[in-house]
K.L.:
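What follows is a single structure, and I will ask about it in a moment.
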Amino acid sequence: MFELHPELAQIEKNIADTQRLVSRQIARIERMTKQGADTKTAKAVLKGLEEVLDYFYAQRERILDILTRQ
């Protein structure tokens, strides 16, 4: 069976964890919207989570690039 490089495995875990956080935040915003609540802060949190996710995607690409050169 194929075993992930430890750094790549950690990045994959970080991506999955952050994707779950993004999904939960989207659901939270939807609930808040239905309740007529102010979503400004919740949307800012979502933007931050999406930026973190983009960072993890870039790190994964960097690691994959390094591994393919070895």
Side-chain angles (χ1 to χ4, degrees):
M1 181 168 180
F2 177 73
E3 186 173 322
L4 289 179
H5 185 276
E7 288 182 22
L8 185 57
Q10 183 60 53
I11 288 291
E12 291 294 342
K13 180 187 179 312
N14 292 347
I15 288 171
D17 291 346
T18 307
Q19 286 173 332
R20 277 190 290 280
L21 291 172
V22 166
S23 294
R24 289 181 192 154
Q25 190 67 12
I26 290 169
R28 183 175 294 119
I29 291 168
E30 289 172 353
R31 285 191 306 275
M32 291 174 73
T33 300
K34 287 179 185 176
Q35 296 169 353
D38 181 7
T39 60
K40 183 177 180 181
T41 301
K43 287 179 179 178
V45 170
L46 177 60
K47 184 177 186 312
L49 289 170
E50 290 171 337
E51 289 172 359
V52 169
L53 194 54
D54 287 343
Y55 170 79
F56 287 143
Y57 287 142
Q59 288 299 100
R60 180 177 61 187
E61 290 304 312
R62 185 187 63 81
I63 292 169
L64 287 171
D65 185 51
I66 290 168
L67 291 175
T68 58
R69 291 182 189 183
Q70 292 179 355

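Only this structure's heavy atoms are used, side chains among them; waters, hydrogens and symmetry mates stay out. Please read these numbers as outputs of a predicted model, since none were measured by experiment.
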K.L.:
In chain order, what residues pass the side-chain hydrogen bond (donor to acceptor under 3.5 Å, both in side chains) check against D17, with sequence neighbours excluded?
P.N.:
K13, R20
K.L.:
I need the minimum non-hydrogen distance between I29 and T39, along with the two atoms involved.
P.N.:
O-CG2, 4.0 Å
K.L.:
Once side-chain hydrogen bond (donor to acceptor under 3.5 Å, both in side chains) is applied, do any residues pair with R24, and if so which ones, sequence neighbours excluded?
P.N.:
none
K.L.:
Are I26 and L49 joined in one hydrophobic group, where the rule is that I, L, V, M, F, W and Y side chains link up if heavy atoms are under 4.5 Å apart?
P.N.:
yes
K.L.:
Is the backbone of D65 close enough, under 3.5 Å, to the side chain of T68 for a donor and an acceptor to pair up by distance?
P.N.:
yes
K.L.:
How close do F56 and I11 get, heavy atom to heavy atom, and via which atoms?
P.N.:
O-CG2, 3.6 Å
K.L.:
What about Y55 and I15, same hydrophobic cluster or not, with Ile/Leu/Val/Met/Phe/Trp/Tyr joined at side-chain heavy-atom distances under 4.5 Å?
P.N.:
yes
K.L.:
Identify the two heavy atoms, one from Q25 and one from A42, that lie closest to each other, and give their separation to 0.1 Å.
P.N.:
NE2-O, 3.0 Å
K.L.:
Tell me every residue that passes side-chain hydrogen bond (donor to acceptor under 3.5 Å, both in side chains) with Q19, counting only those two or more places apart in sequence or in another chain.
P.N.:
Y57
K.L.:
What pairs with E12 under side-chain hydrogen bond (donor to acceptor under 3.5 Å, both in side chains), at least two apart in sequence or on another chain?
P.N.:
R60
K.L.:
Using the side-chain contact (heavy atoms from CB on, under 4.5 Å) criterion, which residues pair with L67? Sequence neighbours excluded.
P.N.:
H5, L8, I63, Q70
K.L.:
Could you give all pairs that pass the salt bridge (charged side-chain N to carboxylate O under 4.0 Å, His left out) test and reach residues 30-50, with sequence neighbours left out?
P.N.:
K47-E51
